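This report concerns only the one structure given below.
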Number of protein chains: 2
Amino acid sequence: MLEKLRIYENLDEKKFLSTLQSNTIFYKNNQTIAYSLGDRNVIGIIEEGSANLVRFDYNGERTIVEELYSGDIFSDMFYSSTNSELLVIATSDCKVTFVSYDELINKAQTSINALSFLDNLISLITDKLVKRNERIELLTTRTIRNKLLAYFELQTKKINSKSFDLEYTYTDLADYLAIDRSAMMRELKHLKEDGFINDINRKITLLY
Amino acid sequence: MLEKLRIYENLDEKKFLSTLQSNTIFYKNNQTIAYSLGDRNVIGIIEEGSANLVRFDYNGERTIVEELYSGDIFSDMFYSSTNSELLVIATSDCKVTFVSYDELINKAQTSINALSFLDNLISLITDKLVKRNERIELLTTRTIRNKLLAYFELQTKKINSKSFDLEYTYTDLADYLAIDRSAMMRELKHLKEDGFINDINRKITLLY
DNA sequence: GTAAAATTGTTGCAAATGCAACAGTTTTTT
DNA sequence: AAAAAACTGTTGCATTTGCAACAATTTTAC
């Protein structure tokens, strides 16, 4: 039995979805999830599986903007339309439900389920905002060393321990911190040499 | 007569605020706006005036995280509590109203005003998210030249014109892009020399 | 309207960073 | 089980960037 998704907390999911004109679609791995159906204000919910929100630069280069897992939501509402083209691409077979935000607001007047959904929606959006604020805090430090240390400190603070397992590959971490991978590896070596950290296969320990 | 703030759109502000235990406080310029009153989930609304959300690093250095103007909202909900200390400091005499998010959700079941407020709240939060996404897009480009061009392109796309007036001082722009100011000035000169841009006191024009 | 503070514009220099390239390892695919 | 792909680890080198410092200009405060 699957755990209840955060977006459906405190509400009767079946009843709620039946009152809206929601639609649920299954996608195969690597398929593009077409969610920008002309009209804005549609919210996609990853019910099962995972997907990536990716951006294609003018020169065709691909960047992962956000990794989406079961329970995550995505929407055009969160991205400026002036930016480069964004696509959501399944990274595994997945099940996605779409609901209309406008309809949701209408229904919230009469449906306690819709109101709870709205509450959960705010919680998920503020979570995204928190994550973005964290990332900006990392990106605005000026040196690779500081970026790494800030990232490591953030992780250790989150789990309240001096050690943690890297959730990214080094390649992806370099991407997340927007730095050159080889330069990052070099700095990582310096941090070890200078006794700031320990790194035993993917487990980072802060030594200060 | 003041224009209606976005957060109060489609609702009777007076009636709405009277149903909640909201409180409105006046602050003098440079005063600290204490909003983190132990309990989380309080939303502050800048009714009049302006303020800065600032962070103090471990070494005491001050960074402006967000500039708040009339109509903007702020809340602990949007920031990870593991981060450094955040303060809201008035940058002019201002009037701030605080409402409890939890109370708001409760009231939304019965009050159409509260529901509209919730709708507006989502709109303002997603706006913040859009802005953060934009900033991250700029911060993840690798060179000063690309940061500047990306910023300039974003501005021109927004107003659909090749020219625009800088909304920041150069000092602040360097801060926003997280680059050294003097290095930015140097690169700006190169961009002019190479015919990419024109800069006639604060008015930037893209020449491509 | 004058003084003080902030911003702009510039430069030399040292340090940090990105780039390119490649070998070794691990993971994924077929 | 073999082949392909992705990731890790490393280095030399050129370039970019940050830092420090200062004069000139503009803005703000009293």
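Throughout, protein chains are lettered first and strands after them, A, B, ... in sequence-line order, and every chain is numbered starting at 1. All of these numbers come straight from a predicted model, not from anything done at the bench.
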- line: 5'-most to 3'-most nt of DNA chain D touching chain B (<4.0 Å, heavy-atom partner on protein side) reads D/dT17 to D/dA20

Protein-nucleic acid N or O pairs under 3.5 Å, nucleotides 3-9 of chain C:
| from | atom 1 | to | atom 2 | distance (Å) |
| --- | --- | --- | --- | --- |
| C/dT8 | OP1 | B/Y170 | N | 3.2 |
| C/dT8 | OP1 | B/R202 | NH1 | 2.6 |
| C/dT8 | OP2 | B/Y170 | N | 3.1 |
| C/dT8 | OP2 | B/T171 | N | 2.9 |
| C/dT8 | OP2 | B/T171 | OG1 | 3.0 |
| C/dG9 | N7 | B/R181 | NH1 | 3.1 |
| C/dG9 | O6 | B/R181 | NH2 | 3.2 |

field: Presence of salt bridge, B/D165 and B/R202, under 4.0 angstrom
entry: no

- prompt: Side chains of B/Y69 and B/T91: closer than 4.5 Å at any heavy-atom pair?
  reply: no

query: Contact class for B/R142 vs. all strands (heavy atom < 4.0 Å): base, sugar-phosphate, or nothing?
result: sugar-phosphate

message: Reading DNA chain D from 5' onward, which residue's closest nucleotide shows up sooner: B/N29 or A/A183?
response: A/A183

task: With the side chain counted from C-beta on, respond yes when A/L68 and A/N52 share a heavy-atom pair under 4.5 Å apart, and no when they do not.
output: no

task: Look at A/R145 together with A/D194 and state whether they make a salt bridge at an N to O cut-off of under 4.0 Å.
output: yes

query: Can you tell me how far C1' of C/dA16 sits from CE of A/M184, to the nearest Å?
result: 16 Å

query: Of all residues at least two apart in sequence or in a different chain, which pass the salt bridge (charged side-chain N to carboxylate O under 4.0 Å, His left out) check with A/R142?
result: none

field: Qualifying residue for salt bridge (charged side-chain N to carboxylate O under 4.0 Å, His left out) with A/E66, from A/R55, A/R132, A/K131
entry: A/R132

- request: Decide, yes or no, whether a salt bridge links B/D72 with B/K128 under the criterion of side-chain N to carboxylate O below 4.0 Å.
  value: no

Where at least one partner belongs to residues 174-186 of chain B, residue pairs that pass salt bridge (charged side-chain N to carboxylate O under 4.0 Å, His left out), sequence neighbours excluded: none

Tabulate protein N/O versus nucleotide N/O from nucleotides 23-30 of chain C, keeping only pairs under 3.5 Å, one per line.
none

Residue pair A/S70 / A/E48, side-chain donor-acceptor N/O under 3.5 Å: no

message: Any base atoms under 4.0 Å from A/S182, or only sugar-phosphate, or nothing? Heavy atoms, all strands.
response: base

query: Is there a donor-acceptor contact under 3.5 Å linking the side chains of B/S123 and B/N120?
result: no

field: Pair A/Y101, A/E103: side-chain N/O donor-acceptor within cut-off below 3.5 Å
entry: no

query: So, A/Y151 and A/E134: side-chain donor and acceptor under 3.5 Å apart, yes or no?
result: no

message: Hydrogens and angles aside, do A/D102 and A/N41 bring a side-chain donor and acceptor to less than 3.5 Å of each other?
response: yes

- prompt: What is the bend of the helix from C/dG1-D/dC30 to C/dT30-D/dA1 when you compare the axis at one end with the axis at the other, using five pairs each and rounding to 10°?
  reply: 80°

